[in-house]
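Step one of this worksheet: look at the structure below.
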Protein chains: 2
Amino acid sequence: MSQEKSFIDRLEVRVVVFSLRDDQLQALFCRSEPIITQVAWELPGDCIPIHQSLEESAGQCLAYFIGLHEAYLEQLYTYGDPGQDPEKRVISVVYFAIIPAGTIINTKIQPTIKWFPVKELPELANNHRDIVDYALRRLRYKLEYTAVGFELLPENFTLTELQRTYELILGEKLDKRNFRRRILEAGVIEPIGQWQSGEGRPARLYRYRPDAVAEVQARRLFP
Amino acid sequence: MSQEKSFIDRLEVRVVVFSLRDDQLQALFCRSEPIITQVAWELPGDCIPIHQSLEESAGQCLAYFIGLHEAYLEQLYTYGDPGQDPEKRVISVVYFAIIPAGTIINTKIQPTIKWFPVKELPELANNHRDIVDYALRRLRYKLEYTAVGFELLPENFTLTELQRTYELILGEKLDKRNFRRRILEAGVIEPIGQWQSGEGRPARLYRYRPDAVAEVQARRLFP
DNA sequence: GCAAAAGTGTTACAGTTACACCCATGG
DNA sequence: CCATGGGTGTAACTGTAACACTTTTGC
């Protein structure tokens, strides 16, 4: 095993932050340093201090950019192609994060950040567009067989809100009765005994049961 | 964004190599340098030269250890917890590889490597046991919704061999008629017009259709 | 001719989908 | 009292799982 050291790699963490805002799935970007003249956006990120684990760094990145200390966080992929300069390479360990709808984030910490709907992304630096696309695929995919959808919602929510969340991410309409029957049968949520009033009949509020076992048996390609 | 450089990180690639051997799923390890006196095994790996991409390095690792230049390769996870020494950290980008059954590998290149059945792993260095467990989960999982199972087989195979492969990895018996019906209906394999003889009636040989679309619609947790 | 492995259909059951109306509240 | 969104059950259909015997070859 060769022992050649890689002194000139730069190791960074990047985070794709998703949230539901304005009835759309949005992702967070920050303005990149204008290298030539073009201004582009990039994924929030940072170097990884030697004393930190990768996940800690991703978490700290969230704290730094949006002042948030708790969020769903999952490693997505590590990118590390050599660039044009054969003496330089950036290793990007990318995480994705999910922020509950309605979370108030402190944009004063970092005035250069901005949310964009995933359907209307701006021009992004490097391969960040591909990264977001991949994160989105993973989110959709994961939504189908785990309970990750609840991470997008506040602690208490109505069944209509939950259904809307699923519809937004999957990009298709779902049947109300089937949706309700199945999610209640799955036993992953419980009513909190309160109702949310607004226009029309008040809606029962539910919360996710953190003890819920919410992995579905995959459908096999072959039996 | 802070610009602190991480000079003392060591960046390495590791590969979990799976193959079917002796009617068992096996993984490849190499003898680790005996640090104190205890001899343990570790995942084959190497440093990542600055001019290479991560996947290239993983591929080169396969070439170096077993003289193989083509194999299914997929990024698994990146590990990078700080160790005891706060000035040192190893970043391990881990891939997993699948080698078709019957592939003759050149163990003369590296006499210190050895296959172990995944059910009888030896003592492994660092967190490599966890890594293998995770790779195995991913392999099982992936088998259920993609056609990755074919990577474990030689180019031509019988339906019984294919079924056996699935049974070995999933760890359960499958029904012969259901298995055959569904895989043939899926249209991912085609007969090559030859038969393999041995004991009993000769078996028809098939091959995987590389143009096959072989992703199954996931079963949803909620509709 | 027999041992050994390949190959082949049907039926019962479970899960999924499609679908339309009444209910409770606020204004 | 009416507009608005919340809430509820059933029937047809589709996919899945369970199951045993015949066929072809080598020895």
Side-chain angles (χ1 to χ4, degrees), chain A residues 20 23 101 143-145 153-154 156-168 170-207 213-223, chain B residues 20 23 101 143-145 153-154 156-168 170-207 213-223:
Chain A
L20 291 181
D23 208 38
L143 193 74
E144 302 203 323
Y145 69 95
L153 289 166
N156 302 322
F157 48 83
T158 68
L159 288 182
T160 303
E161 286 167 350
L162 181 61
Q163 182 177 346
R164 184 75 190 129
T165 301
Y166 273 76
E167 288 176 342
L168 272 174
L170 297 174
E172 61 181 294
K173 279 275 190 193
L174 303 174
D175 180 273
K176 182 156 73 161
R177 280 177 289 192
N178 293 336
F179 184 83
R180 284 164 186 246
R181 181 178 348 104
R182 279 188 53 181
I183 199 162
L184 291 173
E185 278 171 2
V188 293
I189 60 174
E190 59 190 7
I192 63 164
Q194 294 174 26
W195 278 259
Q196 185 180 78
S197 52
E199 262 187 309
R201 175 174 173 177
R204 191 163 206 168
L205 283 167
Y206 291 82
R207 72 169 164 214
V213 180
E215 286 252 342
V216 77
Q217 169 74 21
R219 173 180 290 144
R220 289 199 183 144
L221 189 49
F222 315 118
Chain B
L20 291 181
D23 208 38
L143 193 74
E144 302 204 321
Y145 69 96
L153 288 166
N156 302 323
F157 49 83
T158 68
L159 288 182
T160 303
E161 286 167 352
L162 181 61
Q163 181 177 347
R164 184 75 190 130
T165 302
Y166 275 74
E167 288 177 339
L168 273 174
L170 298 175
E172 61 180 294
K173 278 274 186 196
L174 303 175
D175 181 273
K176 182 156 75 161
R177 278 175 291 187
N178 292 336
F179 183 83
R180 283 165 186 245
R181 181 175 352 102
R182 279 188 53 181
I183 200 161
L184 291 173
E185 276 171 3
V188 293
I189 60 174
E190 59 190 10
I192 63 165
Q194 294 174 27
W195 278 258
Q196 184 181 75
S197 51
E199 259 187 313
R201 177 174 169 176
R204 192 163 203 167
L205 283 166
Y206 291 82
R207 73 170 162 213
V213 180
E215 287 252 340
V216 78
Q217 169 75 19
R219 171 180 290 143
R220 289 200 184 145
L221 189 49
F222 315 117

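Sequence lines set the chain letters: A, B, ... in the order given, protein chains first and strands last, and positions in each chain run from 1.
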Tell me: [atom1] of [X] to [atom2] of [N], nearest whole Å?
X        : N      : atom1 : atom2 : result
A:Glu185 : D:dT8  : CD    : P     : 13 Å
A:Tyr206 : D:dG6  : OH    : P     : 12 Å
A:Leu205 : D:dG7  : CG    : P     : 9 Å
A:Arg204 : C:dT25 : CZ    : C1'   : 16 Å
A:Phe179 : D:dT8  : CZ    : P     : 14 Å
A:Glu199 : C:dA24 : CD    : C1'   : 14 Å
B:Arg182 : D:dT14 : CZ    : C1'   : 13 Å
B:Asn178 : D:dA20 : CG    : P     : 13 Å

Would you please test B:Phe157 and B:Tyr206 for ring-ring contact (aromatic ring centres under 6.0 Å, His included) and show each step?
-> CA-CA 5 Å; B:Phe157 49 83; B:Tyr206 291 82; 7.1 Å; no
Could you tell me whether the side chain of B:Gln196 and the main chain of B:Pro202 form a donor-acceptor pair under 3.5 Å?
->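 Side chain of B:Gln196 to backbone of B:Pro202, a donor-acceptor pair under 3.5 Å: no, none is there.
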Give a yes or no answer on whether the side chain of A:Gln163 reaches the backbone of A:Leu174 with a donor-acceptor pair at less than 3.5 Å.
->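 Side chain of A:Gln163 to backbone of A:Leu174: a pair is present.
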For the side chain of A:Arg177 and the base of C:dA20, is some donor closer than 3.5 Å to an acceptor across the two?
->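 Counting by modelled atom types and ignoring angles, a donor-acceptor contact under 3.5 Å is found here.
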For the side chain of A:Arg181 and the base of D:dT10, is some donor closer than 3.5 Å to an acceptor across the two?
->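 Result: at least one qualifying N/O pair found.
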Does one side chain, of B:Thr160 or B:Arg180, offer a donor that lies under 3.5 Å from an acceptor on the other?
->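 Yes, because at least one side-chain N or O of B:Thr160 sits under 3.5 Å from a partner of the opposite role on B:Arg180.
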With a non-hydrogen cut-off below 4.0 angstrom, is A:Thr160 in contact with a base, only sugar-phosphate, or nothing?
->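 Contact class for A:Thr160: sugar-phosphate only.
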Taking only N and O in the side chain of A:Arg180, is any of them less than 4.0 Å away from OP1 or OP2 of D:dG7?
->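 For D:dG7, OP1/OP2 do have a side-chain N/O of A:Arg180 under 4.0 Å.
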